[in-house]
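Here is the structure we will look at.
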Number of protein chains: 2
Amino acid sequence: MRHGDRRSLTGRGATAPRPTIKDIAARCGVHPSTVSRALSPAMKHLVAADVAERIQAEANALGYRLNMAAKGLRTGRSGLIGVLAPDIADPGFPPVLSGLAEHLNAEGYATIVVDVGTGGSQQDLVDSLIARGVDGLVLATVRLHDDVVAHSVGASTPVVLVNRVDAAGELPSAASDDAAGMRLAVDHLVALGHRRIGHVAGPQEISTGARRRAGFEASIADSGLSLGDAPIEAATAYTRAAGREAGLRLLGRKARPTAIVAANDLLALGVYDALAASGLTCPADVSVVGHNDMPFVDLVSPPLTTVRIAQREMGATAARLLLARIRSPDAANEHVVLQPELIIRASTARPRS
Amino acid sequence: MRHGDRRSLTGRGATAPRPTIKDIAARCGVHPSTVSRALSPAMKHLVAADVAERIQAEANALGYRLNMAAKGLRTGRSGLIGVLAPDIADPGFPPVLSGLAEHLNAEGYATIVVDVGTGGSQQDLVDSLIARGVDGLVLATVRLHDDVVAHSVGASTPVVLVNRVDAAGELPSAASDDAAGMRLAVDHLVALGHRRIGHVAGPQEISTGARRRAGFEASIADSGLSLGDAPIEAATAYTRAAGREAGLRLLGRKARPTAIVAANDLLALGVYDALAASGLTCPADVSVVGHNDMPFVDLVSPPLTTVRIAQREMGATAARLLLARIRSPDAANEHVVLQPELIIRASTARPRS
DNA sequence: ATCTCTCGTGCAATCGATTGCAATCCTCGG
DNA sequence: CCGAGGATTGCAATCGATTGCACGAGAGAT
């Protein structure tokens, strides 16, 4: 066995086909089915210990790797999980993905991440993932009223939502407590003495946009402030540019707010741009609060006060929900809500005078 | 046919199996092979137009989706590309991935991205991707002298490198011109009047770290400055914390440099931390230049002067190289080098007095 | 010594799609 | 009116692994 452990060097040329279970069987003088059993942890007890060992050794020597496509075809499970992301380049998403992948990998699943921006319609992407035989789907892209939800509910593939939810709550989800986050932000500003607080809302067809807006309004009301002193401008997208536009509209109002709560850090950065364009400074003229605590918002100028959401945990939770769904497809829908945390930095201060 | 186009509503319960080519064949009264041909653009000319149309219609009605696992098993091609990433959460990586995925998706490939941090060894990850039957591999993780390179060269799967290269150049690669980038940075500082320029180098076992360091030294020499006035400290990793440590060491030298070129934006931000910890300000006391132009470094304080590398293009190029490799596995190794660009912001200024 | 019972292994079908080859039908030319 | 040739379609093997079933041998009981 002097070549037994030189796996990477056993000289299979560039064109040598990968060894199959049959090759091992032939070399060991046993039937392929025996090899299959010996190599499967779950079935290993069915084969004699010495034979199993011999097979195992030969498999290593040949550098054998199980063909997942064949296994998947036979068993109907691919070990693949599809993930639909709004935009991989959005810095808010990677932590979620990371938490998701870590959990899923630990269970032997690989993830296929598809950026919705680049492809066709969401439905087609879902279908193509299903065609690939994914055992489950994670959607980070759904809008509040989204056809893809109905499409998914009918499908035979387990689906969970992450970060966003659908209006009817028809699919399991892992998301942050948006209302609680807004309350943290508003309470902080009120405690500082602000009385005219504006809101740059996110797209209203997305649950985070709608819920954070609702949470904002509720918090304002609960603080005894009038909604008349709480102007709201909705951004058309979660982008810095859209935040700038909405911010400019807010700052253009007759009674300019002394503080602005943005639905998202990207929007908050856009508000920074708007302030700069208006010749105003933060926090001296206007305080700003973001949402999500994206990487590096502690380094911008001024460091952004924001609501930190548990992104990794959100991903991990989504993974857990999905795995549960895969095991028992008919379990009740679970909607996990994670608690956010206020991170106070330098973009908020007492209002002037 | 009143229910023909209500695909998502055709009432397949949660347990209904997906329709197969055989189901369509039965419904159309033809043989499965005919269905296969009718549904394959390449073989469609072999079947009568009217039959093909009938089959097509029935396929739509049933919501048929081809089973990629089965197809892959038969044809030996999975339509999957594996990507090994150093860390998805590193903000520098998503643009590369995005360029990569866009190109690959357009050609019908899906990408499986694996974060090396969370899993086992790189080799095992490569092997597990090969087990999944990937048609190609993109490595963004290789070190200069990396076993995985030999492992990959021997494998029957096409492999390309992105962002990083291996010392021997044994695998095709798409990367930025590191030397040119450093030259841009150094020339800019020299033009501003700096004479003592330090370098926070990246990990030297990674090509970007080593090449940028070499490029730095060459540029210094070409500028007629002495290397004695160009202190270098290597960071142990591409992280903000490591950049801070290296920055502190650099600032602690007897003849403190008036400018620091970092091998990476993350390291540059760490240098910001080091400056703050030393009670120095940027750019008044020390100018700083980064590398990569990560998202939002224009918003930090002060906005970072940095070398912008063509990340999306790098990803797109890697995709192109890989597709070429898949088509003709024996083509010569191509090493594409992309030109960087200097983005001047506010972290660089004339040296004091 | 015979009968069970268990353990280990082989056999063969199966998953869904593809494809070389064979068979059939039709048409057109001679 | 027959045969050649083209156009369609059916047949069956195949990809690699899994698994229910059956067969055989050996151990233990009576």
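None of these values were measured; they are calculated from a predicted model. Below, chains carry the letters A, B, ... as their sequence lines are ordered, and counting in each starts from 1.
- Listed by chain and number, the residues in a side chain to side chain donor-acceptor pair (under 3.5 Å) with A:S173 are A:H335 (sequence neighbours excluded).
- In this structure, A:I21 places its CD1 atom 13 Å from P of C:dG10, rounding to the nearest Å.
- Atom CZ in B:R65 sits about 22 Å away from atom P in C:dC15, given to the nearest Å.
- Residues forming a side-chain contact (heavy atoms from CB on, under 4.5 Å) with A:E53 (at least two apart in sequence, or on another chain): none.
- The CZ-P distance, from A:R77 to C:dT14, rounds to 22 Å in whole Å.
- Separating the CG atom of B:L73 from the C1' atom of C:dG16 is a distance of 9 Å, rounded to the nearest angstrom.
- As a whole-Å value, the separation of A:L66 CG from D:dG16 P is 12 Å.
- Residue pairs satisfying the salt bridge (Lys or Arg N to Asp or Glu O under 4.0 Å) criterion with at least one member in residues 146-164 of chain B, sequence neighbours excluded, are listed as follows: B:R143-B:D146.
- Residues satisfying the side chain to side chain donor-acceptor pair (under 3.5 Å) criterion with B:T141, sequence neighbours excluded, are B:Q122.
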Worksheet item: What string of B, S and - do you get for nucleotides 4-10 of chain D, 5' to 3', if B is base contact, S is sugar-phosphate-only contact and - is no contact with any protein heavy atom under 4.0 Å?
Response: ----SBB
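- Exactly one residue among B:V159, B:V148, B:L171 makes a side chain to side chain contact (heavy atoms under 4.5 Å, CB included) with B:L137. That residue is B:V159.
- Rounded to an integer number of Å, the gap from CE of B:M68 to P of C:dA17 is 11 Å.
- There is no side-chain donor-acceptor pair under 3.5 Å between A:H145 and A:D166.
- Separating the NZ atom of A:K71 from the C1' atom of D:dA17 is a distance of 9 Å, rounded to the nearest angstrom.
- Residues passing the side chain to side chain donor-acceptor pair (under 3.5 Å) test with A:R325 are A:N333, sequence neighbours excluded.
- In this structure, B:T20 reaches the sugar-phosphate backbone alone: every heavy-atom distance under 4.0 Å involves primed, P, OP1 or OP2 atoms, never a base.
- By the salt bridge (Lys or Arg N to Asp or Glu O under 4.0 Å) test, A:E107 is found to be paired with A:R327, residues two or more places apart in sequence or in another chain being considered.
- Residue pairs meeting the salt bridge (Lys or Arg N to Asp or Glu O under 4.0 Å) criterion with at least one partner in residues 21-43 of chain B, sequence neighbours excluded, are B:R27-B:E58.
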Could you pull out the protein-nucleic contacts involving nucleotides 22-28 of chain D (nitrogen or oxygen on both sides, under 3.5 Å)?
none

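- Atom pair A:N67:CG and D:dC15:P shows a separation of 12 Å (rounding to whole Å applied).
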